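Input: a single structure, listed below in structure tokens.
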Number of protein chains: 2
Amino acid sequence: MAKLKSRGQLINVAIIEDDRGIRSAIDAFLRLQNDIISAGAFGSVEEFLSSNGSAPDVLLLDVQLPGMSGIDGIRPIKEKFPGIQIMMLTVYHDADRIFSSLRAGANGYVLKSAPLTDIKQDILTLFSGGAPMSPQIARKVTEYFSQSSGMPMPESLTAREKDVVHALVDGLSYKMVSDRLGISMETTRFHIRNIYEKLHVHSKAELITKVLKSR
Amino acid sequence: MAKLKSRGQLINVAIIEDDRGIRSAIDAFLRLQNDIISAGAFGSVEEFLSSNGSAPDVLLLDVQLPGMSGIDGIRPIKEKFPGIQIMMLTVYHDADRIFSSLRAGANGYVLKSAPLTDIKQDILTLFSGGAPMSPQIARKVTEYFSQSSGMPMPESLTAREKDVVHALVDGLSYKMVSDRLGISMETTRFHIRNIYEKLHVHSKAELITKVLKSR
DNA sequence: TCTCTGCCCGCATGTTTATGCGATTGTTTA
DNA sequence: TAAACAATCGCATAAACATGCGGGCAGAGA
């Protein structure tokens, strides 16, 4: 976490955004602020990493970028600038991108639709140790916890369904699950349908991931 | 999630707080608001659950309470009032209480030290689908994700292969992996072949299982 | 007896995954 | 310069998965 600069010092803020219009609009806005210095506006992660500029305090990072995605850029950026605070600035509010970003080390996640004055406030919050999130992002984050707390096994699953889940979580194919439980592939499929419905997943991978990541 | 009331309608807000001074201060403040109706001020979860009042839209819930703790009260309260939005209002900002509350279903978590006007704004945010968190709470939540993502990865995998593994372990389909990494499905498949060979697995399920069970 | 739940089973069809083969380009190293 | 490695991409085909639909039987409870 960056140390608080004393009152009157300025926050160096860089931005990586491939859309030139958005990039220059935000950059121009930041240059008008009294407490923010623009540390540069870049079109890609690669461009940013290869620049010779000094370490920014804060980076506004788009998700959808040419070449390396913003999410994939988080780790290398944090390796090069260990004290940097990264705030994702993006149109995407799907859970996958939110959590991938946070896992990679992003410190904030806000939507581009927010007014520039909100983004300015978010930068200040980020820099002073907070973690700005647009409301619906924060909601998805809290829901992540409440949804993942019912594991290991919801009471809604029958005993047989639990057997099937255990077999799937061991990495077995449908055929191997059937062999293990002594039932037909069709029966395995029948149970799997019910499991997916009850656990709100849509694939074997999602199921395994959900179960194992909640332990 | 509570349905948005049309403009002009009022939000029913209840509070459970054992400190009489704080309770009456917040209750008095809420009664002064134009868009909020006080649905009652209670000293404990048990008192709230046994009252005959109508379902509040929003509940401000203290953590440290006589009898049942606020955290332990979340689930029974949500069972009795399925649509209720619960915001923890507390002095505690330790990770244990934060995550226990979120796992139990709390929709927000703010510190009592926040000004009453902030709390008012948080109620509005909560009611409109957001998840208000005091800045340092939000920071702890984001840090939870970045700290739990450090998965050991064999050195035989290239950087790109590791990206693919991360994506697969998140439960993504080939197509979603390709979208995330900005490559074609064919390239994803190529990397997956190499990964399976290096890690001696034969399916996506085996890979996910192997990786997540080795954490 | 009827209803509900759980377990077993099947067919058909579309989608996703896994594997056979191939190619190109760029970078690094001997 | 050639070889090795990494990343990107493609086609074809078979296997596995997911989902639409259907059926049956057994046990428990009203």
Side-chain angles (χ1 to χ4, degrees), chain A residues 18 44-47 49-50 64-73 75-76 96 153-212, chain B residues 153-212:
Chain A
D18 63 323
S44 69
V45 169
E46 292 87 343
E47 187 190 342
L49 285 176
S50 61
Q64 183 80 5
L65 294 170
M68 190 184 298
S69 80
I71 296 174
D72 290 327
R75 289 192 174 92
D96 172 47
M153 215 54 92
E155 297 186 0
S156 59
L157 290 188
T158 67
R160 204 58 168 154
E161 285 163 356
K162 289 172 185 172
D163 292 340
V164 173
V165 168
H166 279 120
L168 292 175
V169 167
D170 283 342
L172 302 189
S173 62
Y174 283 11
K175 180 167 192 319
M176 299 304 298
V177 172
S178 307
D179 290 347
R180 178 188 280 191
L181 302 183
I183 52 178
S184 76
M185 290 260 290
E186 296 302 329
T187 305
T188 297
R189 280 203 194 92
F190 172 78
H191 288 307
I192 285 171
R193 293 180 201 215
N194 292 332
I195 291 163
Y196 287 3
E197 191 173 314
K198 291 177 182 179
L199 298 187
H200 307 300
V201 296
H202 304 90
S203 70
K204 201 161 96 175
E206 277 184 49
L207 173 70
I208 297 173
T209 291
K210 184 166 190 170
V211 171
L212 291 181
Chain B
M153 195 70 77
E155 296 185 0
S156 59
L157 293 187
T158 67
R160 204 60 169 150
E161 285 163 356
K162 287 172 186 174
D163 291 340
V164 173
V165 169
H166 277 120
L168 291 176
V169 167
D170 282 343
L172 301 190
S173 62
Y174 283 13
K175 181 168 190 320
M176 297 305 298
V177 172
S178 307
D179 289 346
R180 178 190 282 191
L181 302 182
I183 53 179
S184 76
M185 291 261 289
E186 295 303 329
T187 304
T188 296
R189 281 203 196 92
F190 172 79
H191 287 309
I192 284 171
R193 292 180 204 213
N194 293 331
I195 290 163
Y196 286 3
E197 191 172 314
K198 289 178 181 179
L199 298 187
H200 306 297
V201 295
H202 303 90
S203 71
K204 199 161 101 182
E206 275 183 45
L207 174 69
I208 297 172
T209 292
K210 185 167 188 167
V211 170
L212 290 181

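Owing to the predicted nature of the structure, the values given are computational and were not obtained by experimental measurement. Letters go in sequence order (proteins before strands), and every chain restarts at 1.
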Select base, sugar-phosphate, or nothing to describe what A/Y196 touches, counting heavy atoms under 4.0 Å on all strands. sugar-phosphate
Looking at the side chain of B/S184, which of D/dC17, D/dC9, C/dG10 is the nearest nucleotide? D/dC9
Can you name the salt bridge (Lys or Arg N to Asp or Glu O under 4.0 Å) partners of A/R180, sequence neighbours left out? A/D170
Return no unless some side-chain N or O of B/T187 is found under 4.0 Å from OP1 or OP2 of D/dC9. yes
Is any side-chain heavy atom of B/D179 closer than 4.5 Å to one of B/K175? yes
Interatomic distance where CZ belongs to B/R193 and P belongs to D/dA12 [whole Å]: 14 Å
A/R189 CZ to D/dA16 C1', straight-line distance once rounded to whole Å: 8 Å
Whole angstroms only, please: what is the NZ-P distance between B/K204 and C/dA18? 7 Å
Between CD1 of B/I183 and P of D/dT8 the distance, given in whole Å, is 5 Å
For residues A/H191 and A/L168, determine if any side-chain heavy atom of one lies less than 4.5 Å from a side-chain heavy atom of the other. no
Base C/dC11 to side chain A/E186, donor-acceptor N/O within 3.5 Å cut-off: yes
Can you figure out which of C/dC7, D/dC17, D/dA7 approaches the side chain of B/A159 most closely? D/dA7
Do A/Y196 and A/H202 make a side-chain contact, defined as non-hydrogen atoms from C-beta onward lying under 4.5 Å apart? no
For A/H191 and C/dG6, is the shortest distance between a side-chain N/O and OP1 or OP2 below 4.0 Å? no
In whole angstroms, the gap separating C1' of D/dG10 from CE of B/M185 amounts to 12 Å
Specify the residue among A/S173 and B/R160 whose closest nucleotide of DNA chain D lies further upstream toward the 5′ end. B/R160
To the nearest 0.5 Å, how far apart are NZ in B/K204 and OG in A/S173? 14.5 Å
Whole-Å gap separating C1' (D/dT19) and NE2 (A/H202): 12 Å
What's the CG-P distance between B/N194 and C/dA18, to the nearest Å? 14 Å
From CZ of B/F190 over to C1' of C/dT24, roughly how many Å is that when rounded to an integer? 12 Å
Where the side chain of B/I192 is defined as all heavy atoms beyond and including C-beta, which of C/dA18, D/dT8, D/dC17 is the nearest nucleotide? C/dA18
Taking OP1 and OP2 of C/dT5, is either one under 4.0 Å from a side-chain nitrogen or oxygen of A/T158? no
